[in-house]
Amino acid sequence: MLSKRLAAVDKARCVACGVCENTCPLSAIRVHRGCYAAVEAERCVGCGKCAKLCPGNCIEVKARAEA
């Protein structure tokens, strides 16, 4: 069963630093082609660890229907 929350990345603001990728306990977020982070929705549980540590403040945890 999927969680009700999901991380969403603002790709235009993401600088692909990798902090989120290294922080995610479920490996649900990866830096895509060295350009931006991408969330694997099937793995994300919406814990918010990536959003809290993102130095660019470009990750937001939303209700799954909004993300």
Identify the heavy atoms of [X] and [Y] that sit nearest to each other, and give their distance.
| X | Y | result |
| --- | --- | --- |
| C20 | I59 | CB-CD1, 3.6 Å |
| I29 | E21 | O-CG, 3.4 Å |
| A38 | H32 | CB-CB, 4.4 Å |

Within this structure, what is the SG-CZ distance for the pair C24 and R43, rounded to the nearest 0.5 Å? 8.0 Å

Side-chain donor/acceptor of R5 to backbone N/O of C47, under 3.5 Å: no

Hey, could you give me each pair passing salt bridge (Lys or Arg N to Asp or Glu O under 4.0 Å) that has a residue in residues 8-20? Not counting sequence neighbours.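 Qualifying pairs, neighbours excluded: D10-R13.
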
Listing, residues 49-58 side-chain donor-acceptor contacts under 3.5 Å, not counting sequence neighbours, or none:
none

Would V39 and L6 satisfy side-chain contact (heavy atoms from CB on, under 4.5 Å), going step by step from the backbone distance to the final call? CA-CA 8 Å; V39 178; L6 176 67; 4.0 Å; yes

Close side-chain approach of V45 and L26, heavy atoms under 4.5 Å: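 Yes. Closest side-chain heavy atoms under 4.5 Å.
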
